[in-house]
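Take a look at the following structure, please.
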Amino acid sequence: AQKVTQAQTEISVVEKEDVTLDCVYETRDTTYYLFWYKQPPSGELVFLIRRNSFDEQNEISGRYSWNFQKSTSSFNFTITASQVVDSAVYFCALMNFGNEKLTFGTGTRLTIIP
Amino acid sequence: EAGVAQSPRYKIIEKRQSVAFWCNPISGHATLYWYQQILGQGPKLLIQFQNNGVVDDSQLPKDRFSAERLKGVDSTLKIQPAKLEDSAVYLCASSLNPTNTGELFFGEGSRLTVL
(Lines give C-alpha, C1' and ligand atoms only; values in the text may rest on other atoms or scores of the structure.)
Protein backbone atom coordinates (compact mmCIF):
# COMPACT_ATOMS: atom_id res chain seq x y z
CA ALA A 1 0.00 0.00 0.00
CA GLN A 2 1.09 3.54 -0.66
CA LYS A 3 0.87 6.36 1.82
CA VAL A 4 2.02 9.97 1.92
CA THR A 5 2.17 11.86 5.20
CA GLN A 6 2.36 15.60 5.53
CA ALA A 7 2.42 16.13 9.28
CA GLN A 8 2.29 19.93 9.09
CA THR A 9 -1.32 20.95 8.61
CA GLU A 10 -0.71 24.70 8.61
CA ILE A 11 2.38 26.89 8.64
CA SER A 12 2.60 30.67 8.88
CA VAL A 13 5.80 32.61 8.34
CA VAL A 14 6.64 36.24 7.83
CA GLU A 15 7.56 37.29 4.33
CA LYS A 16 11.23 36.76 3.40
CA GLU A 17 11.67 33.94 5.91
CA ASP A 18 12.63 30.47 4.70
CA VAL A 19 10.17 27.65 5.22
CA THR A 20 10.39 23.87 4.82
CA LEU A 21 7.43 21.63 4.13
CA ASP A 22 7.85 18.02 5.19
CA CYS A 23 6.77 14.92 3.29
CA VAL A 24 7.21 11.29 4.32
CA TYR A 25 6.09 8.44 2.10
CA GLU A 26 5.57 4.70 2.27
CA THR A 27 5.70 2.27 -0.62
CA ARG A 28 6.75 -1.32 -1.15
CA ASP A 29 7.88 -0.64 -4.70
CA THR A 30 11.51 0.04 -5.53
CA THR A 31 10.70 2.28 -8.48
CA TYR A 32 8.45 5.23 -7.91
CA TYR A 33 8.01 8.94 -8.47
CA LEU A 34 7.50 11.75 -5.99
CA PHE A 35 5.77 15.03 -6.73
CA TRP A 36 4.95 18.37 -5.23
CA TYR A 37 1.87 20.31 -6.31
CA LYS A 38 0.72 23.80 -5.33
CA GLN A 39 -2.97 24.60 -4.90
CA PRO A 40 -3.60 28.36 -4.81
CA PRO A 41 -6.98 29.78 -3.68
CA SER A 42 -8.31 29.48 -7.25
CA GLY A 43 -8.34 25.72 -6.76
CA GLU A 44 -6.32 24.22 -9.58
CA LEU A 45 -3.35 22.06 -8.72
CA VAL A 46 -0.11 23.30 -10.22
CA PHE A 47 2.72 20.85 -10.86
CA LEU A 48 6.02 21.89 -9.26
CA ILE A 49 8.40 18.95 -9.50
CA ARG A 50 8.79 15.23 -10.12
CA ARG A 51 11.65 13.07 -8.85
CA ASN A 52 12.21 9.40 -9.56
CA SER A 53 13.42 6.98 -6.93
CA PHE A 54 16.78 6.48 -8.61
CA ASP A 55 17.74 10.11 -8.47
CA GLU A 56 18.50 11.37 -4.98
CA GLN A 57 20.16 14.55 -6.11
CA ASN A 58 18.71 17.63 -4.53
CA GLU A 59 17.16 20.09 -6.91
CA ILE A 60 16.97 23.86 -6.87
CA SER A 61 14.71 25.99 -9.01
CA GLY A 62 14.89 29.66 -8.17
CA ARG A 63 13.65 30.09 -4.59
CA TYR A 64 12.44 26.48 -4.45
CA SER A 65 14.56 23.50 -3.46
CA TRP A 66 13.79 19.87 -2.78
CA ASN A 67 15.63 17.40 -0.55
CA PHE A 68 15.01 13.73 -1.36
CA GLN A 69 16.35 11.20 1.16
CA LYS A 70 15.53 7.60 0.42
CA SER A 71 17.01 6.44 3.73
CA THR A 72 14.32 8.31 5.64
CA SER A 73 11.62 8.11 2.91
CA SER A 74 11.36 11.85 2.87
CA PHE A 75 10.97 14.43 0.13
CA ASN A 76 11.01 17.87 1.74
CA PHE A 77 10.37 21.17 0.02
CA THR A 78 12.02 24.44 1.01
CA ILE A 79 11.01 27.92 -0.09
CA THR A 80 13.74 30.49 0.41
CA ALA A 81 12.91 34.16 0.97
CA SER A 82 9.19 33.47 0.97
CA GLN A 83 6.75 35.83 -0.74
CA VAL A 84 3.05 36.46 -0.26
CA VAL A 85 2.36 34.78 -3.60
CA ASP A 86 3.68 31.54 -2.12
CA SER A 87 0.59 31.34 0.09
CA ALA A 88 -1.25 28.18 -0.95
CA VAL A 89 -1.85 24.57 0.01
CA TYR A 90 1.04 22.34 -1.00
CA PHE A 91 0.59 18.64 -1.68
CA CYS A 92 3.19 15.92 -1.82
CA ALA A 93 2.26 12.90 -3.95
CA LEU A 94 3.57 9.44 -4.86
CA MET A 95 3.19 7.38 -8.04
CA ASN A 96 4.50 3.85 -8.42
CA PHE A 97 6.19 2.98 -11.69
CA GLY A 98 3.79 1.47 -14.18
CA ASN A 99 0.78 2.66 -12.20
CA GLU A 100 -0.30 6.14 -13.19
CA LYS A 101 -2.25 6.70 -10.01
CA LEU A 102 -1.16 9.60 -7.80
CA THR A 103 -1.52 9.17 -4.05
CA PHE A 104 -1.65 12.55 -2.36
CA GLY A 105 -0.85 13.62 1.18
CA THR A 106 -3.34 15.71 3.11
CA GLY A 107 -1.56 18.94 2.24
CA THR A 108 0.11 21.76 4.15
CA ARG A 109 -1.52 25.19 4.14
CA LEU A 110 1.21 27.80 3.93
CA THR A 111 0.44 31.41 4.79
CA ILE A 112 3.02 34.09 4.17
CA ILE A 113 2.40 37.13 6.33
CA PRO A 114 3.35 40.45 4.72
CA GLU B 1 -2.52 26.65 -24.81
CA ALA B 2 -5.93 26.28 -23.18
CA GLY B 3 -5.98 24.48 -19.86
CA VAL B 4 -8.36 21.85 -18.52
CA ALA B 5 -11.88 23.25 -18.52
CA GLN B 6 -14.52 22.20 -16.01
CA SER B 7 -18.11 23.19 -15.42
CA PRO B 8 -20.03 24.11 -13.45
CA ARG B 9 -17.66 25.72 -10.93
CA TYR B 10 -20.23 25.49 -8.16
CA LYS B 11 -23.31 23.38 -7.59
CA ILE B 12 -25.64 23.13 -4.62
CA ILE B 13 -28.18 20.30 -4.51
CA GLU B 14 -30.23 18.46 -1.96
CA LYS B 15 -29.47 14.89 -0.99
CA ARG B 16 -30.94 12.27 -3.29
CA GLN B 17 -30.82 14.66 -6.25
CA SER B 18 -28.51 14.09 -9.19
CA VAL B 19 -25.70 16.20 -10.59
CA ALA B 20 -23.33 16.05 -13.55
CA PHE B 21 -19.92 17.60 -14.05
CA TRP B 22 -18.21 18.17 -17.36
CA CYS B 23 -14.52 18.22 -18.22
CA ASN B 24 -12.69 19.17 -21.39
CA PRO B 25 -9.02 18.14 -21.21
CA ILE B 26 -6.07 19.76 -22.90
CA SER B 27 -6.08 19.00 -26.60
CA GLY B 28 -4.13 15.86 -27.41
CA HIS B 29 -4.01 14.53 -23.86
CA ALA B 30 -4.97 10.87 -23.96
CA THR B 31 -5.26 10.32 -20.23
CA LEU B 32 -8.05 11.89 -18.19
CA TYR B 33 -8.64 11.63 -14.45
CA TRP B 34 -11.42 12.53 -12.04
CA TYR B 35 -10.35 13.23 -8.46
CA GLN B 36 -12.49 13.93 -5.42
CA GLN B 37 -11.10 16.40 -2.88
CA ILE B 38 -12.97 16.58 0.41
CA LEU B 39 -12.29 19.67 2.49
CA GLY B 40 -9.01 19.35 4.39
CA GLN B 41 -7.90 16.25 2.49
CA GLY B 42 -5.75 15.51 -0.49
CA PRO B 43 -7.34 14.60 -3.82
CA LYS B 44 -8.43 10.99 -4.20
CA LEU B 45 -8.59 9.30 -7.60
CA LEU B 46 -12.09 8.25 -8.64
CA ILE B 47 -11.49 7.12 -12.20
CA GLN B 48 -8.82 7.20 -14.88
CA PHE B 49 -9.42 6.99 -18.63
CA GLN B 50 -6.94 6.24 -21.38
CA ASN B 51 -8.60 7.60 -24.50
CA ASN B 52 -12.18 6.33 -24.07
CA GLY B 53 -11.31 3.23 -22.06
CA VAL B 54 -11.31 2.94 -18.26
CA VAL B 55 -7.89 2.18 -16.75
CA ASP B 56 -8.76 2.37 -13.06
CA ASP B 57 -12.13 2.87 -11.37
CA SER B 58 -11.41 0.89 -8.23
CA GLN B 59 -12.28 3.81 -5.93
CA LEU B 60 -15.39 4.94 -7.75
CA PRO B 61 -18.58 4.28 -5.72
CA LYS B 62 -20.32 2.61 -8.61
CA ASP B 63 -23.69 2.40 -6.92
CA ARG B 64 -24.07 6.16 -7.28
CA PHE B 65 -21.19 7.50 -9.38
CA SER B 66 -20.72 7.01 -13.10
CA ALA B 67 -18.35 8.52 -15.62
CA GLU B 68 -17.90 8.34 -19.34
CA ARG B 69 -15.53 9.66 -21.92
CA LEU B 70 -17.20 9.22 -25.26
CA LYS B 71 -14.94 9.76 -28.27
CA GLY B 72 -11.92 9.96 -25.99
CA VAL B 73 -12.10 13.72 -25.43
CA ASP B 74 -14.65 15.30 -23.08
CA SER B 75 -15.78 13.49 -19.98
CA THR B 76 -18.82 13.62 -17.72
CA LEU B 77 -18.99 12.55 -14.08
CA LYS B 78 -22.46 11.91 -12.68
CA ILE B 79 -23.68 11.37 -9.14
CA GLN B 80 -27.13 9.90 -8.63
CA PRO B 81 -28.46 9.99 -5.97
CA ALA B 82 -26.17 12.35 -4.06
CA LYS B 83 -25.39 11.91 -0.38
CA LEU B 84 -24.21 14.48 2.14
CA GLU B 85 -20.72 12.95 2.15
CA ASP B 86 -20.37 13.66 -1.57
CA SER B 87 -19.82 17.32 -0.76
CA ALA B 88 -16.37 17.97 -2.20
CA VAL B 89 -14.46 19.54 -5.05
CA TYR B 90 -14.31 17.34 -8.12
CA LEU B 91 -11.09 17.88 -10.01
CA CYS B 92 -10.48 16.83 -13.56
CA ALA B 93 -6.92 16.36 -14.80
CA SER B 94 -5.31 15.32 -18.04
CA SER B 95 -1.87 14.23 -19.15
CA LEU B 96 0.06 13.24 -22.24
CA ASN B 97 1.93 10.38 -20.61
CA PRO B 98 2.30 10.72 -16.83
CA THR B 99 4.91 8.03 -16.44
CA ASN B 100 7.23 9.95 -18.76
CA THR B 101 6.69 13.48 -17.55
CA GLY B 102 4.80 12.92 -14.34
CA GLU B 103 2.85 16.06 -15.02
CA LEU B 104 -0.90 16.08 -14.65
CA PHE B 105 -2.69 19.29 -15.59
CA PHE B 106 -5.63 20.05 -13.35
CA GLY B 107 -8.74 22.11 -13.89
CA GLU B 108 -10.05 24.55 -11.29
CA GLY B 109 -12.56 22.00 -10.06
CA SER B 110 -16.30 21.81 -9.52
CA ARG B 111 -17.37 22.44 -5.95
CA LEU B 112 -20.39 20.40 -4.91
CA THR B 113 -22.43 21.10 -1.80
CA VAL B 114 -25.06 18.54 -0.86
CA LEU B 115 -27.65 19.78 1.66
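All chains are named by letter (A, B, ...) in the order of the sequence lines, taking the proteins before the strands, and each is independently numbered beginning at 1. Every value quoted in this text rests on a predicted model; they were computed, and no experiment measured them.
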Going from CZ on Phe91(A) to CD on Gln41(B), what distance comes out if it is rounded to the nearest 0.5 angstrom?
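Spacing of CZ (Phe91(A)) from CD (Gln41(B)) equals 9.5 Å.
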Flag yes if Val13(A) and Ile79(A) sit in one hydrophobic cluster, no otherwise; membership is Ile, Leu, Val, Met, Phe, Trp, Tyr, and two members link when side-chain heavy atoms are under 4.5 Å apart.
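Yes, one cluster joins them.
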Given heavy-atom pairs under 4.5 angstrom as the criterion, report whether the side chain, backbone, both or neither of Gln6(B) touches chain A.
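Gln6(B) has no heavy atom closer than 4.5 Å to chain A.
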Atom CD of Glu108(B) and atom CD of Gln39(A): how far apart are they, to the nearest 0.5 Å?
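Nearest 0.5 Å value for the CD-CD distance: 11.0 Å.
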Counting only heavy atoms not in Leu39(B) (residues, nucleotides, ligands), do more than 12 fall under 6.0 Å from its CG?
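Counting neighbours around CG of Leu39(B), 12 or fewer heavy atoms of other residues, nucleotides or ligands fall under 6.0 Å, so no.
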Leu91(B) side, atom CG; Leu45(A) side, atom CG - distance, nearest 0.5 Å:
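CG of Leu45(A) is found 5.5 Å from CG of Leu91(B).
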Would you say Trp34(B) and Val55(B) are hydrophobically clustered, going by side-chain heavy atoms of ILVMFWY under 4.5 Å?
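Per the 4.5 Å side-chain linkage, Trp34(B) and Val55(B) are not co-clustered.
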Let me know if Gln6(A) has heavy atoms under 4.5 Å from chain B in its side chain, its backbone, both or neither.
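Neither part.
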Arg111(B), part contacting chain A, at a heavy-atom distance under 4.5 Å
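For Arg111(B), there is no contact with chain A at all, as no heavy atom is under 4.5 Å.
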Check Tyr37(A) against Leu104(B) and note the closest heavy-atom contact, atom names and distance.
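In terms of heavy atoms, the two residues are closest at OH-N, 3.2 Å.
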About how many Å separate OH of Tyr35(B) and CZ of Phe104(A), when rounded to the nearest 0.5 Å?
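If we round to the nearest 0.5 Å, Phe104(A):CZ and Tyr35(B):OH are 5.0 Å apart.
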More than 12 heavy atoms of other residues, nucleotides or ligands under 6.0 Å from NZ of Lys16(A): is that the case?
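It does not: Lys16(A) NZ has 12 such atoms or fewer within range.
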